[in-house]
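Inspection log for the structure reproduced underneath, given as structure tokens.
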Amino acid sequence: MSEALRLAEKALFTTSPNPRVGCVIVQHNEIVGRGYHAKAGESHAEVIALEDAGNRSEGSDVYVTLEPCSYVGRTPPCVDALIKAKVKKVFIAMQDPNPRVSGQGIQKLKDAHIEVDVGVMETEAQLLNIGFISRMTKKIPYVRAKLAVSLDGKTALHNGKSQWITGDKAREDVQYWRASSCAIVTGIGTVLQDNPKLSVRLYDDARQPLRVVIDSELKISLKANILLEKPLLIAYANDKQKKLHELKALGIECIQLDDSGKVDLLALLKTLAEREINEVWIEAGEGLNGAFLKAHLIDELMIYYAPVILGSEAKGMFILPAYENLENKITPILIDHRWVGQDLRMRFKLKG
């Protein structure tokens, strides 16, 4: 199963919106077939592994990281292929989280008198597809917020300048997480201050994530770098700047999600889930970070601490209401920490 998970990771940047799935076929304690699902519409992991194994599939043990599909989608059901190959036993890391199909593939294998063992390295498989699970079960993507901060918890100077607080290795690491995400979300403040492209640059095989700008009043400059590349989506509340027509003329998709003059963040995440977005990566300033955190819409914080001090007048990580007592404090759970070049990367899971 470890080998199947390793194979599944090969499609980390390419398989969205489908889950990352790997498969290994074993005959007499020897791996005779390997496969992984690379892109939506292409063959699934089980089918590729069966083709790799050839006539050695009959009577074999199959290790697959996700319950084999039992329905006709862009490709035929993998369960049928396993049954036709006359495999003996199927080890499954985790059930399909899609409530419409969960358990059906397992039952179909059992009905064909194929042994099934579910839950082998389940935790590792769930982490690999944490965004897909979130979309299937909660109807919103899994949300990570990235912050590059100084030792005194500041994200930018008082004038908004923030390039670059962290070092080269940390920025390379950010590229990895951008590439593995389905959408990158930022706010209009970051666009106006830094004029970023927010594209994936270090991985040639990666598909470009959907970039989303939250711009309540459509203040974005028509010459902004982020407008130069697709796919792009602008979420707005009102057209106070009278730019909607011009943006649409440039081929930019804009959606109105008004919540009392601000963009409705939960509605945005639901919309992204409907568009089959599994994982969202936020790169924004203290205002948008605070809004997402206040709304309990961040699943994970990715904080890169740089060995610099920016001073008390610099901008912080979140704009949040003042708390009157410690009972209101937010207490994330540390799940990982490591050095990335000169910077310390700390990952926190948010409760609930």
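Computed over heavy atoms, backbone and side chain alike; hydrogens, waters and symmetry mates excluded.
- Gln175 places a side-chain heavy atom less than 4.5 Å from the side chain of Val200.
- Ring pair Tyr63/Phe91 is parallel by interplanar angle, where below 30° counts as parallel and above 60° as perpendicular.
- Side chain to side chain, Glu217 and Tyr236 fail the donor-acceptor criterion of an N or O pair below 3.5 Å.
- Annotation for Lys139: atom NZ counts as buried by contact number, over 12 foreign heavy atoms lying within 6.0 Å.
- Under the 6.0 Å distance and 45° angle rule, Arg171 counts as a cation-pi partner of Trp164.
- Between the side chain of Arg211 and the backbone N or O of Ile226, at least one donor-acceptor pair lies under 3.5 Å.
- More than 12 non-hydrogen atoms from other residues, nucleotides or ligands lie less than 6.0 angstrom from CG of Asn325.
- For the atom pair NE2 (His37) and NZ (Lys10), the distance works out to 15.5 Å, reported to the nearest 0.5 Å.
- Thr186 and Glu283 form no side-chain donor-acceptor contact under 3.5 Å, judged by distance and modelled atom types alone.
- Ionic pairing of Lys243 and Glu246 is not present here: no N-O contact between side-chain nitrogen and carboxylate oxygen is shorter than 4.0 angstrom.
- No close placement of the Phe292 and Phe318 rings is indicated, their centers lying 6.0 Å or farther apart.
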Taking distance alone, no hydrogens or angles, what donor-acceptor pairs closer than 3.5 Å link side-chain atoms of residues 109-131 to residues at least two apart or in another chain?
from, atom 1, to, atom 2, distance (Å)
Asp111, OD1, Gln107, NE2, 2.9
Asn129, OD1, Arg20, N, 2.7
Asn129, ND2, Arg20, O, 2.9

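- A salt bridge links Arg56 with Glu30; the closest basic N to acidic carboxylate O contact falls under 4.0 Å.
- A salt bridge does not link Glu300 with Lys349: none of the charged nitrogens is closer than 4.0 Å to a carboxylate oxygen.
- Leu320 and Leu301 end up in the same hydrophobic cluster when Ile, Leu, Val, Met, Phe, Trp and Tyr side chains are linked at under 4.5 Å.
- Trp281 and Glu279 form no side-chain donor-acceptor contact under 3.5 Å, judged by distance and modelled atom types alone.
- Arg338 has no carboxylate O lying under 4.0 Å from a charged side-chain N of Asp173, or vice versa, which leaves the two without a salt bridge.
- Using a cutoff of 4.0 Å between basic side-chain nitrogens and carboxylate oxygens, Glu46 and Lys84 are not scored as salt-bridged.
- The number of heavy-atom neighbours closer than 6.0 Å to NZ of Lys270, taken from other residues, nucleotides and ligands shown, is 12 or below.
- Gln342 is not listed as a side-chain neighbour of Lys169, based on a closest heavy-atom distance of 4.5 Å or more.
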